[in-house]
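What follows is a short report on a single structure.
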Amino acid sequence: MKNNTLTPSLNNEKSEAISRFAVVGAGVVGLCAALEAQRRGHQVTLIDNKAPGTSTSSGNAGYLATEIIDPLGTPEVLRSALKLWLNPKGPICTPIRYVAKAAPWYWRFIKAARPDQAQRGTETIHQLNRESVDAWKRTLIDIGAEALLIKGGHLVVWENPNNRDDASKLIEKMRRYDIPCELVDGHNLALLEPELSQTLSHAVFFPEIHRLSDPYEVCKALFDAFIKRGGRFINAKVNSIQANKDNIRLETTRQTETFEHVSICAGAWSKTLLEQVGIHIPLEAERGYHVTFPNDKTRINHTILSADRKLVLSPLGAGLRAVGMSEIGGLDLPPIKKRYQVLREHTKGLLPKLFDNPNLQSSEWMGHRPSLPDSLPVIDQHPLYSRLSFAFGHQHLGITQAAISAELLLEKIEMRPTRIPIEALRVDRF
């Protein structure tokens, strides 16, 4: 394993540069991949039909969730899934019109939740997360934007005092994986977060957790650095991919070009592109929602996850953001409006004073997490056409794992030893 210094990977030994390199997808993973390819000496073109960082990457909670090491599918989750699903204010839902389409994905999800496979998933996620903060430091220091990464700490909170055993179990598990945390309750919890509801019983505090100042602002900084270093952006949709041994041809709504290498980092939109090159993968769009209160970004000091309500509160540059919900619902259906109201109700339960303001303003958003049944991303090359590579499918951990994924992707492409094993992240594993 390579040492984790803050030295940009540009200073590592270079393999022969690829003259023309395209990255499809200008979300946070694609932006990190484009910058990493530039650092390796490649001439990079970034392609997306949306403005960089404005799709799914802009709407998350912005914290590096390195303490979330389990896949979404585990035996424990399956045991509680029906109860969560039947709760009208719960975090899990599938739009009625999408149930039939979602069924095959859920079947694979259930199979992936077997104890042995779930444990392998935990080990892989932990390896990625363990490297993620240092990778972000390397990325942001390299572009002079290290102030956008904040060591703010994180709280997992419970309202029911009968759930103290859950906190103890969480602490025990985190210690097995060398993730620092401690139990906090009563007076000490109020000192950490004086605005939180007095009904809260206890919490687990993670002092080493980092967050981004604001996910969209970070994406803008990444893109600005990419352009300043000679990067090229094509604002267009990729309609078709033709893969050959010697090059990859992309046809967009603007033009057709040929590249020596192409990386697909298009998040939930990657599936249809892969089908054009003979790869069928069970990728689904897992819809997530947020409500942002723009004038209240300083109301809380840490990111906060409610274990009871299943949502995250985050103090961002854009304001106080409440993020939650998990809907396998595809890319085309409109948002379920009542989900925003549920987020507001849960936020009020945690921060009642916020709603004392009669002129409280808020904005609403829904985005599409790229989710695979085993909760692991794809970081790999096409099994037949090595000039075509992939980095997508990070589910809830796209912001967390973006920078390390970019480094692993370029290591894989250039046939260098990867800093962690990535066999479990193969594109053909399903």
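The model shown is predicted, which means the values in this text are computed figures rather than measured ones.
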- Message: Could you go through L46 and I234, starting from their C-alpha distance and side-chain angles, then the distance that decides it, and tell me whether this counts as side chain to side chain contact (heavy atoms under 4.5 Å, CB included)?
- Response: CA-CA 6 Å; L46 186 65; I234 298 176; over 6 Å; no
To the nearest 0.5 angstrom, please state how far the [atom1] atom of [X] sits from the [atom2] atom of [Y].
{"X": "H261", "Y": "L388", "atom1": "NE2", "atom2": "CG", "value": "6.5 Å"}
{"X": "R39", "Y": "T139", "atom1": "CZ", "atom2": "OG1", "value": "4.5 Å"}
{"X": "R339", "Y": "M325", "atom1": "CZ", "atom2": "CE", "value": "4.5 Å"}

- Message: Check this for me: does any side-chain nitrogen of one of D332 and K101 sit under 4.0 Å from a carboxylate oxygen of the other?
- Response: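 Judged by the 4.0 Å cut-off on N to carboxylate O distance, D332 and K101 do not form a salt bridge.
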Does the side chain of [X] pick up a donor-acceptor pair with the side chain of [Y] at under 3.5 Å?
{"X": "S405", "Y": "H394", "answer": "yes"}
{"X": "Q127", "Y": "E123", "answer": "no"}
{"X": "H154", "Y": "T303", "answer": "yes"}
{"X": "Y106", "Y": "T94", "answer": "yes"}
{"X": "R321", "Y": "T292", "answer": "yes"}

Looking at side-chain heavy atoms only, is the closest gap between [X] and [Y] below 4.5 Å?
{"X": "F233", "Y": "P52", "value": "yes"}
{"X": "R108", "Y": "E284", "value": "no"}
{"X": "V24", "Y": "W269", "value": "no"}
{"X": "K111", "Y": "Q117", "value": "no"}
{"X": "I413", "Y": "F21", "value": "yes"}

- Task: Given side chain to side chain donor-acceptor pair (under 3.5 Å), test R211 with S314 step by step and report yes or no.
- Result: CA-CA 9 Å; R211 70 176 185 266; S314 187; 5.3 Å; no
Taking atom [atom1] of [X] as the centre, report whether more than 12 heavy atoms of other residues, nucleotides or ligands fall under 6.0 Å from it.
{"X": "R232", "atom1": "CZ", "result": "yes"}
{"X": "E172", "atom1": "CD", "result": "no"}
{"X": "R97", "atom1": "CZ", "result": "no"}
{"X": "K237", "atom1": "NZ", "result": "no"}

- Message: Go through it in stages, so that I can follow the logic: the residues are E146 and K137, the test is salt bridge (charged side-chain N to carboxylate O under 4.0 Å, His left out), and I'd like the CA-CA distance, side-chain angles, deciding distance and then a yes or no.
- Response: CA-CA 7 Å; E146 57 268 34; K137 287 178 180 178; over 6 Å; no
- Query: Can you name the closest pair of heavy atoms from I336 and P95 and give their distance?
  - Reply: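 Distance-wise, the nearest heavy atoms are CD1-CG, 4.2 Å.
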